[in-house]
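What follows is a single structure, written as structure tokens, with notes after it.
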Amino acid sequence: MAFIWSRSVDWDSDDWRDKAACKDTDPDLFFPVGTTGQALEQIAAAKAVCMSCEARGLCLEFAMATNQESGVWGGASEEERRKLRKEWLARQRRNAATA
Ligand code: SF4
């Protein structure tokens, strides 16, 4: 089955990054090692930054579209994004089928 991907993000333009609440934050905060212990605290701290971010929606969309597997993006952890991406891909397929 052919899969036609309708881009929802124009990643030639990264204007949303200018609005990122994390742009002056240590990037390591958003890329914890593991999913237990101290990493859980790090994930929570990163997500707290995301909750105040103007670019959260676009950041999450970018992460979905480019299949970012690591780190916290758009207020979602790796595990959360894996689940969200299944829904995102299903939506892309539905949109392609009705286009
Ligand atoms: S949503 Fe989070 S990871 Fe994305 S730009 Fe904003 S602060 Fe950074």
Side-chain angles (χ1 to χ4, degrees):
M1 177 172 101
F3 177 59
I4 299 169
W5 179 19
S6 57
R7 288 183 175 183
S8 51
V9 169
D10 177 5
W11 46 76
D12 292 329
S13 165
D14 58 359
D15 292 348
W16 61 272
R17 292 175 193 271
D18 292 339
K19 298 176 186 160
C22 60
K23 69 181 177 184
D24 297 321
T25 306
D26 181 356
D28 286 349
L29 178 66
F30 291 82
F31 293 93
V33 177
T35 55
T36 58
Q38 193 173 354
L40 288 175
E41 292 172 22
Q42 197 176 336
I43 291 167
K47 288 166 84 173
V49 176
C50 294
M51 290 306 121
S52 67
C53 180
E54 274 184 63
R56 186 158 57 108
L58 289 172
C59 174
L60 182 59
E61 183 73 12
F62 177 85
M64 294 289 115
T66 57
N67 196 17
Q68 298 296 321
E69 293 181 351
S70 300
V72 173
W73 291 75
S77 67
E78 296 167 8
E79 188 176 332
E80 291 165 335
R81 275 199 322 285
R82 271 194 289 278
K83 292 176 187 166
L84 289 171
R85 193 156 194 279
K86 287 181 184 172
E87 296 165 17
W88 184 88
L89 284 170
R91 198 166 46 247
Q92 290 295 312
R93 288 188 191 102
R94 279 195 304 275
N95 290 345
T98 58

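Whatever order the structure lists ligands and atoms in, that order sets their numbers, starting from 1. If you read the sequence from its start, that first residue is 1, and numbering goes on from there.
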Hydrogens and angles aside, do Trp73 and Glu78 bring a side-chain donor and acceptor to less than 3.5 Å of each other? no

Rounded to the nearest 0.5 Å, what separates atom CE in Met64 from atom CG in Leu89? 9.0 Å

Which of these passes side-chain contact (heavy atoms from CB on, under 4.5 Å) with Lys83: Arg81, Lys86, Arg85, Glu79? Glu79

Check whether any side-chain heavy atom of Leu84 lies under 4.5 Å from a side-chain heavy atom of Leu60, and answer yes or no. yes

Short side-chain donor-acceptor distance under 3.5 Å, Thr66 and Gln68: yes

Are the side chains of Phe30 and Gln42 in touch, meaning some heavy atoms are under 4.5 Å apart? no

Tally of protein N/O/S atoms under 2.8 Å from atom 4 (Fe) of ligand 1? 1

